[in-house]
Amino acid sequence: MKAVIMYDSAYGNTKSVAEAIAAGLENSRTVPVSQFRSNDVSVGDLLVVGSPINGWRPTEAVTKALAAAGPDGLAGVLAAAFDTRVKLFIHGDAAKKISHGLQKAGATIVAQPMPFYVKGTEGPLLEGEIKRAFSWSHELAASVKALSSRKGIS
């Protein structure tokens with residue numbers, strides 16, 4: 001299995017989270033959304049997609065990339081989503097919308113959408129968020145391993 005962490009980032013915060021996730025996964029790489037192609041991942045691979053919240057949803061580039069995969073373009077791919085957001089009572093949920101887009105493209109979701117928090121519109125990330133992203137990557141790896149074991153995939 002390989003892991004691809006595809007992200008869009010306006011101020012570098014989402015990129016930093018993507019890099020922390022990649023650092024915690026074996027055989028992984030980060031890919032800016034502008035360079036992502038659905039054939040970057042194959043059946044059994046892990047695709048993690050991240051975006052800042054932009055108008056209560058993922059960026060247009062992330063939404064378009066998922067739509068471009070088509071209804072079965074990510075069939076057999078394992079996936080998870082995250083977003084970066086300001087910690088407010090009402091803030092939108094880009095990660096949930098990304099998860100939905102991944103499912104529409106045929107991916108199997110392996111984790112609940114994950115928010116990572118920034119201080120203000122431009123950041124920086126709140127203290128501890130990079131460590132939390134790294135830890136989440138281990139949870140993703142464990143979920144993938146458990147799912148693969150149940151399905152008899154090595």
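All values below come from the heavy atoms of this structure, side chains included, with hydrogens, waters and symmetry mates left out.
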Query - Inter-residue atom distance Leu140.CG - Ser135.OG, 0.5 Å rounding - result: 11.0 Å
**Report entry** Interatomic distance, Asp40 atom CG to Gln35 atom CD [nearest 0.5 angstrom]
**Finding:** 9.5 Å
Report task. May I ask whether Leu25 and Phe116 are part of the same hydrophobic cluster, defined by side-chain heavy atoms of I, L, V, M, F, W, Y residues being less than 4.5 angstrom apart, directly or through others? Result -> yes
**Report entry** Side-chain donor or acceptor of Thr14 paired with backbone N/O of Ala10 under 3.5 Å
**Finding:** no
Report task. For side-chain contact (heavy atoms from CB on, under 4.5 Å), just list the numbers for Phe82 and Ile5, CA-CA rounded to whole Å, side-chain angles, deciding distance to a tenth of an Å, and then say yes or no. Result -> CA-CA 10 Å; Phe82 72 93; Ile5 299 81; 4.2 Å; yes
**Report entry** Check against side-chain contact (heavy atoms from CB on, under 4.5 Å), Val43 and Val77
**Finding:** CA-CA 5 Å; Val43 171; Val77 173; 5.9 Å; no
**Report entry** Joint cluster assignment, Val31 & Val17, ILVMFWY side-chain distance < 4.5 Å
**Finding:** no
Query raised in the report: Is there a path of hydrophobic side-chain contacts, each under 4.5 Å between heavy atoms of I, L, V, M, F, W or Y residues, that connects Val4 with Met1?
Result: no
Report task. Of all the heavy-atom pairs spanning Ala22 and Ser28, show the shortest one and how long it is. Result -> O-OG, 2.7 Å
Query - Minimum side-chain heavy-atom gap Lys96-Asp83 below 4.5 Å - result: no
Requested in this report: Would you give the length of the straight line joining atom CD of Glu19 to atom OG of Ser137, rounded to the nearest 0.5 angstrom?
Outcome: 13.0 Å
Report task. Would you indicate whether the side-chain heavy atoms of Pro58 and Asp8 approach each other to under 4.5 Å? Result -> no
Query raised in the report: Cluster partners of Tyr7, using ILVMFWY side-chain heavy atoms under 4.5 angstrom, listed by chain and number?
Result: none
**Report entry** Heavy-atom pair with the smallest gap, counting every atom of Val86 and Gly120
**Finding:** CG2-O, 3.6 Å
Query raised in the report: Hey, is NZ on Lys104 packed in by over 12 heavy atoms from elsewhere, all under 6.0 Å?
Result: no
Query raised in the report: Would you find more than 12 non-hydrogen atoms of other residues, nucleotides or ligands less than 6.0 Å from Lys97 atom NZ?
Result: yes
Query raised in the report: What is the distance from atom NZ of Lys2 to atom CZ of Arg29, rounded to the nearest 0.5 Å?
Result: 6.0 Å
Query raised in the report: Are the side chains of Trp136 and Ile21 in touch, meaning some heavy atoms are under 4.5 Å apart?
Result: yes
Query raised in the report: Closest approach of Asn13 and Gly123, non-hydrogen atoms and distance?
Result: ND2-CA, 3.7 Å
Report task. Walk me through it: do Leu126 and Val118 pass the test side-chain contact (heavy atoms from CB on, under 4.5 Å)? Result -> CA-CA 5 Å; Leu126 294 181; Val118 297; 5.9 Å; no
Requested in this report: Quick one: closest heavy-atom pair of Leu102 and Ala81, and the distance?
Outcome: CD1-CB, 4.3 Å
Requested in this report: State, with a plain yes or no, whether a side-chain heavy atom of Met6 is found less than 4.5 Å away from one of Val48.
Outcome: no
Report task. To the nearest 0.5 Å, tell me how far Ile130 CD1 sits from Ser16 OG. Result -> 5.0 Å
Report task. May I ask you to test the Arg132-Met114 pair for a side-chain heavy-atom distance under 4.5 Å? Result -> yes
Query raised in the report: Looking at side-chain heavy atoms only, is the closest gap between Thr121 and Tyr11 below 4.5 Å?
Result: yes
**Report entry** Exercise: identify the closest heavy-atom pair between Pro52 and Ala94
**Finding:** O-CB, 4.3 Å
Query raised in the report: Are Asp93 and Arg57 close enough, and set up right, to give a salt bridge (Lys or Arg N to Asp or Glu O under 4.0 Å), and what steps lead you there?
Result: CA-CA 6 Å; Asp93 193 338; Arg57 62 183 53 90; over 6 Å; no
Query raised in the report: Taking a hydrophobic cluster as the set of Ile, Leu, Val, Met, Phe, Trp and Tyr residues connected by side-chain heavy atoms closer than 4.5 Å, whether directly or through intermediates, do Leu78 and Val49 fall within one such cluster?
Result: no
Query raised in the report: Side chains of Thr108 and Leu147: closer than 4.5 Å at any heavy-atom pair?
Result: yes
Requested in this report: Might you confirm whether atom NE2 of His100 has over 12 heavy atoms from other residues, nucleotides or ligands at distances under 6.0 Å?
Outcome: no
Query raised in the report: Would you say Val62 and Ile98 make side-chain contact, with heavy atoms under 4.5 Å?
Result: yes
Report task. Find the distance between CG (Leu74) and CD (Gln103) and round it off to the nearest 0.5 Å. Result -> 11.5 Å
Report summary line: Between Ala80 and Val110 the two heavy atoms that sit nearest each other are CB-CG2, 4.4 Å
